[in-house]
Number of protein chains: 2
Amino acid sequence: MAVTKKEAEGGGEAAEPPPPAARRPGGRTARVRDQVLAAVGPLLVEHGYDGLSVDAVAARSGVHRATVYRRWRDVGGLLADVLDAAGADRWTAPDTGCLEGDLRALNEEVQDALSEESSLAMALIAASFRSAGAADALRRFWEDRYERCVDVVERAVARGELTPPVETRGLLVAATAPLYHHLVLLHGAPDPALPGEAARTAVLAARAGAFGTRSRPE
Amino acid sequence: MAVTKKEAEGGGEAAEPPPPAARRPGGRTARVRDQVLAAVGPLLVEHGYDGLSVDAVAARSGVHRATVYRRWRDVGGLLADVLDAAGADRWTAPDTGCLEGDLRALNEEVQDALSEESSLAMALIAASFRSAGAADALRRFWEDRYERCVDVVERAVARGELTPPVETRGLLVAATAPLYHHLVLLHGAPDPALPGEAARTAVLAARAGAFGTRSRPE
DNA sequence: CTTTTACAGCGACACCTGTCGCGTTAAGAT
DNA sequence: ATCTTAACGCGACAGGTGTCGCTGTAAAAG
């Protein structure tokens with residue numbers, strides 16, 4: 001039981017050392033997982049996050065309700081597993097040739113992802129308030145993205161746009177946070193100008209010496 | 001019915017022009033509202049947002065379930081009305097003597113409000129994903145706060161810390177957004193240094209010419 | 001090819017959500 | 001003081017949520 005819970009929270013399929021040789025991830029179990037995860041996406045786009053119930057997922061996937069509850073615990077757990085399954089992609093940060101361009105492109109991606117009807121990202125954020133599994137998945141996802149975005153800052157340093165040391169995480173948060181604030185917290189409509197403005201602001205702050213850099217006199 | 005819905009979304013007690021002379025906000029109706037709203041707070045701190053059900057509120061207040069559903073529609077509507085009832089306070093922005101200090105003080109207030117156990121603010125944000133009433137109340141609340149914070153920027157301009165024109169809203173968002181990003185979206189633990197860092201970053205960006213100001217050479 | 005047992009199927013359950021129609025009460029207007 | 005009707009009380013309802021104990025099946029170990 002505790003094992004089942006752990007598996008659901010992890011959401012994945014690999015790395016289970018606790019029982020010496022117990023888990024059984026092959027054949028039917030894997031097939032069930034595929035069926036269930038395949039049902040989540042379509043249901044999300046058809047009925048939105050509020051229409052996404054464990055019952056509906058179970059019915060569409062042909063898997064029993066109790067099985068879904070046992071393995072995924074709640075809707076948040078389902079979304080988390082979908083994210084993990086799809087998040088193992090090879091996304092890389094944009095490379096436009098200058099720091100501000102990279103950050104703006106990043107912000108435009110964020111705005112697109114959050115603005116689309118029945119967005120997986122938005123659903124996960126909503127679920128993260130009620131589901132520990134979704135909250136964890138979200139945290140992992142963002143941590144992963146920040147990790148991959150160090151390139152953006154390193155390239156800027158290499159070009160001489162910034163002088164080290166740069167607190168990468170702080171810069172990235174400053175650049176993207178206004179978007180989340182507008183789209184997620186204020187539930188505002190997407191604003192085409194916002195990605196550029198937020199990127200510009202973050203670059204100005206960075207060049208003025210925020211994030212641990214020394215100001216680079218012109 | 002449409003009237004009931006409107007009333008619930010507005011959440012308040014005044015200004016109903018549609019029916020010439022119909023509404024009936026006195027006596028019993030007002031008493032019911034008081035009883036219900038008085039039950040929300042304690043239930044929120046005792047059981048948290050997830051434990052806050054319409055049924056529980058109805059039971060504690062001694063008002064019938066159906067009445068609560070009719071007037072407030074859902075938990076989000078209840079929280080929205082609590083906010084409206086309490087939000088008519090005379091909050092004013094902090095005045096510490098310098099822009100960065102004001103913004104830091106503002107951020108510390110935000111961090112405190114969002115960090116407390118069973119925070120009303122956090123509950124409202126969570127509810128805003130499932131309840132139009134909560135989303136509206138949240139938007140109105142923030143709009144009101146931004147309105148009251150223009151003083152901070154005006155004082156900074158008067159002191160010569162900034163040169164007009166200043167896009168006030170953009171500056172305030174830049175200063176506070178990283179906090180929301182950390183506390184609300186990443187569900188992170190409160191970080192005592194973050195309010196100051198975010199304030200400092202926003203001030204640096206402002207003085208570097210973001211938000212429509214011209215850079216003020218030293 | 002057997003045995004073990006992890007995992008799925010199944011139905012029951014207690015509870016919360018949200019809506020409905022009907023009868024009752026009491027604001028507010030005459 | 002009386003009438004009208006907005007708003008509440010009441011119980012029923014059709015869902016969804018999450019858990020439980022049991023039985024059945026098929027991975028994985030021998």
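Fair warning: this is a prediction, and the values are worked out from it, not measured in the lab. Chain letters run A, B, ... following the sequence lines, proteins first, then strands; residues in each count from 1.
Rounded to whole angstrom, the span from the CZ atom of A:R71 across to the P atom of D:dT19 amounts to 17 Å. Between the CG atom of A:D50 and the P atom of C:dT17 there is a distance of 14 Å, given to the nearest Å. Protein atom CZ of B:R31 is 12 Å distant from nucleotide atom C1' of D:dA7, rounded to whole Å. When rounded to the nearest whole Å, the span between CZ of A:R130 and P of D:dG16 equals 16 Å. Distance CG (A:D74) to P (D:dG16): 17 Å, rounded to an integer number of Å.
Of the residues B:L44, B:V54, B:V40, the one that meets the side chain to side chain contact (heavy atoms under 4.5 Å, CB included) test with B:V75 is B:V54.
For A:H187, the ring pair (Phe, Tyr, Trp, His ring centres under 6.0 Å) criterion is met by B:F129, not counting sequence neighbours.
Toward the 5′ end of DNA chain C lies the nearest nucleotide of B:V75, the other residue of the pair B:G27 and B:V75 mapping further downstream.
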B:R33/B:D81 under salt bridge (Lys or Arg N to Asp or Glu O under 4.0 Å): CA gap, chis, key distance, verdict
CA-CA 9 Å; B:R33 181 176 183 235; B:D81 204 7; 2.6 Å; yes
Residues A:E46, A:R60; criterion salt bridge (Lys or Arg N to Asp or Glu O under 4.0 Å); working and verdict:
CA-CA 12 Å; A:E46 281 170 32; A:R60 178 164 188 136; 3.4 Å; yes
Please list each protein N or O that sits under 3.5 Å from an N or O in nucleotides 9-16 of chain C, with the distance.
| from | atom 1 | to | atom 2 | distance (Å) |
| --- | --- | --- | --- | --- |
| C:dG9 | OP2 | A:H64 | N | 3.1 |
| C:dG9 | OP2 | A:T67 | OG1 | 2.8 |
| C:dG9 | N7 | A:R70 | NH2 | 3.1 |
| C:dG9 | O6 | A:R70 | NH2 | 3.4 |

Intra- and inter-strand pairs of DNA chain D in dot-bracket (Watson-Crick or G-U wobble, both distances under 3.5 Å; | for another strand):
||.||||||||||||||||||||||||.||
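The CD atom of A:E154 sits 11.5 Å away from the SG atom of A:C149 when rounded to the nearest 0.5 Å.
With respect to the salt-bridge test (charged N to carboxylate O, under 4.0 angstrom), the residues B:D136 and B:R140 do not qualify.
Remark: B:R145 qualifies as a cation-pi partner of B:W91 under the 6.0 Å distance and 45° angle criteria applied to the six-membered ring.
Between B:H181 and A:W142, the distance from one ring center to the other falls under 6.0 angstrom.
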